[in-house]
Amino acid sequence: MSLFSPQVSGYLVALAAILLVSLFVWRIVYNIYFHPLSHFPGPKLAACSRLWLAYRELIQGESLSDLRAQLHRQYGEIIRWAPNELHFSNPAAYNDIYNNKNKWDKDHSLYRAYDLDTSTFGLTHYSDAKQSRDVLFFQDIDRPITGSRTGTAQQFAADKSSDLVLGFHCFAVDIIMNLCYAKNWDATKVPDFRSDIVLASQAVLPIFTMNKYPGPLLKMMRYIPMRLGKKYGTPVTKALFFLRETLMHQVYGVLRNPSSLENASYKTIYHSLLGRDAKGRRSLSKVNLWHEAGALLGGGSDTIATASTTISYYVLHNPEVQQRLVNELRTAWPVLEEVPRYEVLEKLPLLQTAVVKEGVRMFPEGASLPRVVPPEGATITGTFIPGGAIVGQSYVHVNFSPAVFPDPHAFIPDRWLGVDAKAHEAALATFSKGPRGCVGINLAYCELQLVIAAIFRRFDVTLDAKRFGLYLVIAMLLGR
Ligand code: HEM
């Protein structure tokens, strides 16, 4: 029996609907006219709701980098591009936001996308992330890297094109698997570099874009059993479940049999995370360790692939730089079979500093990394920003600023060897800065120097003009 008569029930439903609509309208009016950020310029629709961004990115397929650039042209240096979020184009904002004193929280609007909430990368409070950051700050990294057996050389035959985007990704996966689990994953030995873990890592990217916006997808996917998810679903969701299962298998394998790490001649990341060497640290749960594995694989391989590709692309478009690099490598590494130690390679001025740094500077498209302004507010580029606002800047506004790097769209390695080198070093923002800057920066430079040295010393590399445009493909002539 119903509590109310049909007529009263109808009134109640109508009342609830009116209340909901009124709340919605009030929210929009509040966001446009009364919100603490209402005086900042930007599109009115962006001020109303985050749905506007979702529409531009997911439905219209726009790159947020391009959208931000367009909004800055239209509205100026500071834009309000979501109800509670500002973005800055003045490069000075980078230091105001991401400096060592500001232990501001990360905002989940970006980080929830990866569903790795308990990893170092996903933890929004600095104090929670600090402990694992200390463990992850890679030191003595060249030993495992130079010791790992990558199968790159066997993949190349004279005059055959190879997709080096995949190749670089395989290289980085092999390194991270060695560093985490002392395991030779051998992705670089898979024919044409079509390693399943690399293909899956590239296939899942659209899910992360979707998950930035609140919706049921992320939650639903947490409750679908792995086996079902891997078998049924779209190629994209199958790839995600494959990656989750692969990493879970690795992590749980180490937990079941910690002595499997003892074969390593170096300290692996999981040695440290499991607390074997980190006295007094809290032990991490299975889920923590699994999330960390996802963050390390994602953060430590896709990025290296993109950076190595960018460096190679620009070197190949600058024959004079390529020739100087090859000459430098031949002098330091005269006999091909006698690979020099990393300490030798890292001191080469053109390789280590100029080419790698300039390529890293030109790393393409970067997200705005959202931070929450503390309750007392903050001043960014001379403007007071109220507490609770989300602020961010993509490093492209620093790395491609003509005021910071003259002629920023040109690949000029020599800028890193001149009098401005120190200032450039201080400004470079690709790895972000401050308390949440990249913990893998030393590892990244080590990997990039080694892989670029190996490719340009071992092979005559040229771009494959026929296939270029679809993806970077590089033809190799073996045996220099
Ligand atoms: C060229 C290569 C790389 C680039 C451009 C890069 C860039 C970045 C950036 C911009 C951040 C800050 C993200 C944020 O604030 O949300 C970051 C954080 C991080 N990176 Fe890297 N990274 C690279 C390589 C690596 C490698 C090789 C690893 C290790 C496997 C790594 C592990 C991490 C981790 C764990 C964080 C999270 C730190 C924290 O939130 O406290 N990265 N990286």
Side-chain angles (χ1 to χ4, degrees), residues 94 97-100 102-114 116-139 141 144-145 168-169 171-181 201 208 212 247 268-270 272-273 288 291-311 356-372 390-396 398-399 428-452:
Y94 211 90
I97 300 173
Y98 310 97
N99 67 56
N100 274 325
N102 291 351
K103 300 198 167 47
W104 298 354
D105 286 349
K106 287 180 164 188
D107 184 69
H108 68 288
S109 55
L110 173 67
Y111 300 98
R112 72 171 152 233
Y114 305 94
L116 300 168
D117 305 351
T118 70
S119 69
T120 311
F121 174 75
L123 287 165
T124 49
H125 301 300
Y126 169 74
S127 52
D128 296 335
K130 165 108 180 51
Q131 179 174 303
S132 44
R133 279 184 64 86
D134 292 346
V135 172
L136 291 180
F137 236 116
F138 299 94
Q139 281 152 354
I141 37 187
I145 293 188
F168 288 136
H169 207 149
F171 164 80
V173 164
D174 284 349
I175 299 296
I176 204 75
M177 288 305 197
N178 255 293
L179 279 173
C180 283
Y181 320 105
S201 301
F208 301 145
K212 278 197 283 179
L247 292 177
T268 65
I269 295 175
Y270 274 81
S272 305
L273 288 176
N288 287 153
H291 280 181
E292 206 64 82
L296 289 170
L297 179 70
S301 64
D302 192 38
T303 47
I304 293 289
T306 307
S308 318
T309 305
T310 310
I311 297 167
V356 168
K357 286 258 162 77
E358 184 66 347
V360 162
R361 180 185 72 81
M362 297 188 82
F363 196 90
E365 176 156 319
S368 166
L369 306 172
R371 299 291 186 262
V372 184
I390 304 167
V391 292
Q393 186 173 49
S394 160
Y395 67 82
V396 298
V398 179
N399 289 7
L428 187 70
T430 317
F431 292 97
S432 191
K433 292 177 181 198
R436 302 306 296 270
C438 180
V439 285
I441 182 168
N442 295 339
L443 172 63
Y445 275 125
C446 179
E447 288 190 52
L448 294 174
Q449 286 153 14
L450 289 173
V451 79
I452 296 299

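The structure displayed is predicted, hence computed values, not measured ones. Note that ligands are numbered from 1 as they come in the structure, with each ligand's atoms numbered from 1 the same way. Sequential numbering from 1 along the given sequence is applied to the chain's residues.
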Notebook entry, point to check: Could you give the distance from NE2 (His169) to CG (Asp174), rounded to the nearest 0.5 Å?
Noted result: 11.0 Å
Notebook entry, point to check: With atoms numbered from 1 as shown, which atoms in ligand 1 lie under 4.0 angstrom from a non-hydrogen atom of Leu369?
Noted result: 14 (C), 15 (O), 16 (O)
Note to self: So if I count the atoms of ligand 1 from 1 in the order they appear, which ones are less than 4.0 Å from some heavy atom of Thr430?
What the structure shows: 5 (C), 7 (C), 10 (C)
Note to self: Between Thr118 and Asn288, do the side chains contain a donor N or O and an acceptor N or O under 3.5 Å apart?
What the structure shows: yes
Margin query: I need the Ile304 CD1 to Ile176 CD1 distance, nearest 0.5 Å.
Written below: 8.5 Å
Next item on the list: Check each atom of ligand 1 against the heavy atoms of Gly299 and keep those under 4.0 Å away; list them by number with element.
Entry: 23 (C), 24 (C), 25 (C), 26 (C), 31 (C), 42 (N)
Note to self: Out of all atoms in ligand 1, which are within 4.0 Å of some heavy atom of Leu296? Include the element for each.
What the structure shows: 30 (C)
Check: Between Glu447 and ligand 1, does any nitrogen or oxygen pair lie at a separation below 3.5 Å?
Finding: no
Note to self: Heavy atom to atom 35 (C) of ligand 1, shortest distance: which of Leu116, Val439, Leu110, Asp128 holds it?
What the structure shows: Val439
Checklist line | Whether Glu292 lies under 4.0 Å from ligand 1, heavy atom | finding: no
Next item on the list: Output yes when the distance from some N or O of ligand 1 to some N or O of Lys106 is under 3.5 Å, and no in every other case.
Entry: yes
Check: Taking only heavy atoms of Gly300, which atoms of ligand 1 are found under 4.0 Å from at least one of them?
Finding: 26 (C), 27 (C), 28 (C), 30 (C)
Next item on the list: Select one of side chain, backbone, both or neither to describe which atoms of Cys438 lie under 4.0 Å from any atom of ligand 1, heavy atoms only.
Entry: both
Margin query: Quick check on the 6.0 Å ring-centre criterion: do Tyr395 and Tyr94 meet it?
Written below: no
Check: For atom 30 (C) of ligand 1, which of Val356, Ile176, Leu448 has the closest heavy atom?
Finding: Ile176
Margin query: With a 3.5 Å distance limit and no angle check, can you tell me whether Thr310 reaches the backbone of Gly359 through a side-chain donor-acceptor pair?
Written below: no
Note to self: I need the contact type for Leu179 against ligand 1. Using non-hydrogen atoms and a strict under-4.0 Å cut-off, is it side chain, backbone, both or neither?
What the structure shows: neither
Next item on the list: Measure the shortest side-chain to side-chain distance between Asn102 and Pro435 over non-hydrogen atoms and say whether it is less than 4.5 angstrom.
Entry: no
Check: Can you tell me how far the OH atom of Tyr126 sits from the NZ atom of Lys130, to the nearest 0.5 Å?
Finding: 4.5 Å
Note to self: Any side-chain to backbone donor/acceptor pair from Asp107 onto Ser109? Under 3.5 Å, distance only.
What the structure shows: yes
Margin query: For ligand 1, which is the ligand I care about here, please tell me if Arg371 has any N or O atom under 3.5 Å from one of the ligand's N or O atoms.
Written below: yes
Next item on the list: May I ask you to identify, for Tyr111, whether its side chain, its backbone, both or neither come under 4.0 Å of ligand 1 on a heavy-atom basis?
Entry: side chain
Checklist line | Distance (rounded to the nearest 0.5 Å) between Leu247 CG and His291 NE2 | finding: 11.0 Å
Check: Which bit of Thr303 gets closer than 4.0 Å to ligand 1, counting heavy atoms only: side chain, backbone, both or neither?
Finding: both
Margin query: Within the 4.0 Å heavy-atom shell around Ala307, which atoms of ligand 1 are there?
Written below: 1 (C)
Note to self: Checking Asn399 against Thr430 for the side chain to side chain donor-acceptor pair (under 3.5 Å) test, could you report, in this order, the C-alpha distance in whole Å, the side-chain angles of both residues, the deciding distance, and whether it holds?
What the structure shows: CA-CA 8 Å; Asn399 289 7; Thr430 317; 2.8 Å; yes
